Structures are given as structure tokens and as C-alpha cells.
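Keep in mind the model is a prediction, meaning the values are calculated, not measured. For this chain, numbers begin at 1 and follow the sequence in order.
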Amino acid sequence: MKLPPGKLRNDVLREVVFPNLGIEDPKIIHGPREGFDSAVLEYDESHYLVVATDPTLGVPEETFGFFTYHFASSDVAVFGARPRWLVVDLLLPPGSGRGFLEKVMRELNAECRRYGSSIIGGHTGVYPSIREPTGTTTVMGLVRKDELKLPLARPGDRILVTAKVGLEFAVSAAYFREKELRKFLSFREIARLREHFRSETVVPDALTARPFVRGMHDATEGGLTALHEVADNSGLGFRVYAEKLQLDPLVKKVLDFYGLEPWSVSSTGTLIAITPPGKVDALITELNKNGIGAFEIGEFTEDKERLLIENGEEKEFPVFEGDPYVELYG
């Protein structure tokens, strides 16, 4: 049986990965689990250590340094911790230039300084078996025990989303499928989409939102279908109202061109904030003050149905069956 492209499906994780995790350790508070993108370890009497790792590959070269910082840092931030320490592996193909490495390191340094992070180690080299620049970053951060945010909900919690749904797919299309996009977008619009790669992070979103939320999740591969993981782990259902969705007009044009619905496309940088009802308005106000658009799109329910309400009709919310981003890049 061949594994499909992209992130491993949850059934493979359950059957192959999770049974082979070494010894039990009482310091592990939250280990590998579906829908949990970080581990949580005991640190001291007052703090947990949050740890996440992510690869960077298949991205345009000019974005490589940015994503080498933000992919894993976003996973730490949604657990309520500020990214503090990074271990970075950079594996480069033969023929890579010193200039590329310098650019990547300058970008990493800039993002570290922006968020108060330090690179504490790693590995860097050029290898014949590497076909494109590939990075792996492990990020660690501390969070007070009473401020840990887990992607778990309670009945009645509202689903609040930052206004970047589908952005990752649209930006990637602007880089990898420019000729196709020229059929309906101007050169200026394509350039604007490309510039939006710096929005593909939830680090500022999560650090702003953490005083107001019960938990958070980054809608990466599979987009808003991540709601199923939150609902599964919480023993709940949810309702999403299609008319509340806010899409960037350029993103909508791209999705419409490819005949895609916004619910299941890669949306890295889109924060799903699990928010108690009384804190929704304050959270949206605080995000807006920091230049981050956000909107309420639904709620978690005791009833375990997962519904999309569209044009007055109730239907099952889409599940993750494969991400169009993988085909786009391939």
C-alpha cells in the first residue's frame, strides 16, 4: 500500500506511528495525538515546555527563510507559548549558492528578533540526495501552566477565524501557476498575492488572541476541516454558517477558477480560535487593533453532528480527503 502525498492520514498515524513511540515518561503531559501539533512537557512548578517541529520544502525560494521560522513557531504559539528556542536543520542540493544561504539566515535572524527567539543549534549541509532546499525546524517555548491553550472546546464555544482562509493556496498558485492565473488576474494582482506570503503565520494572531480564547488551531493542510479534529478530541459537534465566511476577493477569484470550495484548501496562517461566547467581541476588537481581520463563523455543539449551513440548507461539513495544494505544487 502506497502512502498518499501530503500529511499522513489519521488512520495511518493510529496504526503505524502512535504504537511505536518509545517508553512512557511522566514528564510528557501531552504527547503525539491527532489534532495536537505540539507536545507539552513538564518544565518546572509553574511552566510547561511546548515543543513542535515542521519541515520547510516545496515553497518559493524567496519565502524559505520566513517559513523555516513560522511553520513550527505557529504550532507553539497556538498552545499559548511564545516561540523562544529554535533548532534548525538546512539541507541544500548540490549547486546551492552562498547567497541563498545568507538570505535564509538573514530572514531567520529577522523573525527571531521580531518575536524574541534564539536559534540554539541545528545542522547545515549540501548533499547529492537533496533535490531542493529542505529545512526542519524544532521550536520550543514556555507557557505558564494556567495559560496553556489546548485545541479543545466546550458546548457553546464560538468558532472564530482570522481572515486568511484559502490564502495559502492562492499565494502558492501565484508562484507556481502564474501562467494560468494570467487568464483572469492582472500582473499587479498576482504580485499582490505573492506579497501576502508573510501573512501565512498565526504567531502574531495567536499571541494576540491567547488571553481571550479557550484553545486555538492553525488551519494548515486541509484548511477548516481541522474543526473535525477539535470536535473529535472534545466529544462535540459543530455548526458552520457559510454566509459568515469572509474571503479576500483575490483568493475567491483563484478558488473559483479552480472550482474549489474554501472549506478544505490549505490555509496556513488562518487561526481557528475556540472562544467563550462572552469574549468574542473583545477578541475581534483586539485582533483588529493589531491589523488582523477576524470573524465568527459558527459554534461547537453538544449535538455531535458536524453541519455546514448554506443557503438555509443543512449538510455535512466536508472532511479532509486530500489537499489541492499538493496537486498544485506537484
Side-chain angles (χ1 to χ4, degrees), residues 10 13 18 21 24-54 69-87 115-118 120 137-162 201-220 226-236 238 268-280 282-284 286-287 290 292 294 299-300:
N10 286 339
L13 292 176
F18 293 163
L21 298 176
E24 295 185 6
D25 187 325
K27 290 286 189 181
I28 302 172
I29 307 303
H30 295 286
R33 180 176 174 183
E34 298 162 30
F36 279 49
D37 292 329
S38 291
V40 180
L41 306 179
E42 186 78 26
Y43 185 77
D44 60 24
E45 291 184 359
S46 304
H47 296 85
Y48 291 127
L49 180 69
V50 180
V51 185
T53 191
D54 255 325
Y69 179 87
H70 280 278
F71 281 159
S73 292
S74 289
D75 290 339
V76 167
V78 296
F79 275 60
R82 180 179 295 277
R84 182 166 175 180
W85 302 295
L86 282 70
V87 178
Y115 294 104
S117 312
S118 301
I120 60 170
T137 306
T138 299
V139 178
M140 293 159 275
L142 296 177
V143 61
R144 289 184 55 87
K145 289 184 176 180
D146 59 349
E147 295 176 352
L148 178 69
K149 304 298 178 181
L150 299 176
L152 300 172
R154 295 179 186 173
D157 281 346
R158 302 301 194 256
I159 302 167
L160 189 138
V161 177
T162 52
T201 175
V202 297
V203 173
D205 313 45
L207 296 180
T208 301
R210 57 185 176 174
F212 303 91
V213 302
R214 193 181 312 283
M216 298 178 280
H217 204 304
D218 186 2
T220 54
L227 289 169
H228 286 292
E229 294 179 332
V230 177
D232 287 342
N233 288 328
S234 307
L236 299 175
F238 58 82
T268 294
T270 302
L271 182 70
I272 298 173
I274 305 159
T275 311
K279 295 187 176 182
V280 169
L283 174 53
I284 291 176
E286 191 65 23
L287 287 168
N290 286 274
I292 302 166
E299 68 271 340
F300 289 96

Mind listing the side-chain donor-acceptor pairs of residues 229-236 below 3.5 Å, one per line with the distance, residues two or more places apart or on another chain?
| unit_1 | atom_1 | unit_2 | atom_2 | d |
| --- | --- | --- | --- | --- |
| E229 | OE1 | H217 | NE2 | 3.3 |
| D232 | OD1 | R306 | NH1 | 3.2 |
| D232 | OD1 | R306 | NH2 | 2.8 |
| N233 | ND2 | E34 | O | 2.7 |
| N233 | ND2 | E229 | O | 3.3 |
| S234 | OG | A153 | N | 2.8 |
| S234 | OG | V230 | O | 2.7 |

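- In this structure, the separation between CD1 on I292 and OG1 on T208 is 4.5 Å, given to the nearest 0.5 Å.
- Across all non-hydrogen atoms, the minimal contact from P151 to G35 is CG-O, 3.5 Å.
- The minimum heavy-atom distance linking A81 with L207 is given by the pair O-CD2, 4.0 Å.
- D157 approaches P276 most closely through the heavy-atom pair OD1-CA, 3.7 Å.
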Practice item. Show the numbers, then the answer: is there a side chain to side chain contact (heavy atoms under 4.5 Å, CB included) between D54 and T137? Key: CA-CA 6 Å; D54 255 325; T137 306; over 6 Å; no

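- When all heavy atoms are compared, the tightest approach of V143 to F79 is CG2-O, 4.2 Å.
- Distance alone, capped at 3.5 Å, is enough to place a donor-acceptor pair between the S117 side chain and the P83 backbone.
- Distance check: H47 NE2 to E147 CD gives 8.0 Å after rounding to the nearest 0.5 Å.
- The environment of R154 atom CZ is sparse: at most 12 non-hydrogen atoms of other residues, nucleotides or ligands sit within 6.0 angstrom.
- A donor-acceptor pair under 3.5 Å is absent between the side-chain atoms of D218 and the main chain of I272, judged by distance alone.
- Expressed to the nearest 0.5 Å, how far OG of S118 lies from CE of M140 amounts to 10.5 Å.
- No side-chain heavy atom of V76 sits less than 4.5 Å from a side-chain heavy atom of W85.
- The line from CG of L160 to CG of L283 is 5.0 Å long, rounded to the nearest 0.5 Å.
- One distance of note links CG of L148 with CD1 of I29; it measures 9.5 Å at 0.5 Å rounding.
- Closest non-hydrogen pair, P211 versus K279, comes out as O-NZ, 3.9 Å.
- Proximity of V161 to L271: side-chain heavy atoms (C-beta onward) are nowhere separated by under 4.5 Å.
- V202 has its side chain within reach of V78: a pair of non-hydrogen atoms, C-beta onward, lies under 4.5 Å apart.
- Separating the CD1 atom in I159 from the CD atom in E299 is a distance of 7.0 Å, to the nearest 0.5 Å.
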Practice item. Assess whether side chain to side chain contact (heavy atoms under 4.5 Å, CB included) is satisfied between L41 and Y48, documenting all intermediate values. Key: CA-CA 6 Å; L41 306 179; Y48 291 127; over 6 Å; no

Practice item. With side chain to side chain contact (heavy atoms under 4.5 Å, CB included) as the test, would you mind laying out the steps for F238 and F300 before giving the verdict? Key: CA-CA 4 Å; F238 58 82; F300 289 96; 3.9 Å; yes

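- Listed by chain and number, the residues in a ring-ring contact (aromatic ring centres under 6.0 Å, His included) with F71 are F67 (sequence neighbours excluded).
- The salt bridge (charged side-chain N to carboxylate O under 4.0 Å, His left out) analysis of residues 39-51, with sequence neighbours excluded, yields the pairs E42-K145.
- Proximity of a side-chain donor or acceptor of T270 to a complementary backbone N or O of A219 within less than 3.5 Å is not detected.
- In this structure, K27 does not pair ionically with D25, as no charged nitrogen and carboxylate oxygen lie closer than 4.0 Å.
- Relative orientation of the Y115 and H70 rings is perpendicular, given thresholds of 30° and 60° on the angle between their planes.
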Exercise for review: Test side chain to side chain contact (heavy atoms under 4.5 Å, CB included) on L152 and I274 and set out the steps.
Suggested key: CA-CA 8 Å; L152 300 172; I274 305 159; 5.9 Å; no

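- Residues M216 and R210 form a side-chain contact, since some pair of their non-hydrogen atoms from C-beta on lies under 4.5 Å apart.
- Side chains of P204 and N290 form no contact here, defined as non-hydrogen atoms less than 4.5 Å apart.
- Heavy-atom minimum distance, D205 versus G269: OD2-O, 3.9 Å.
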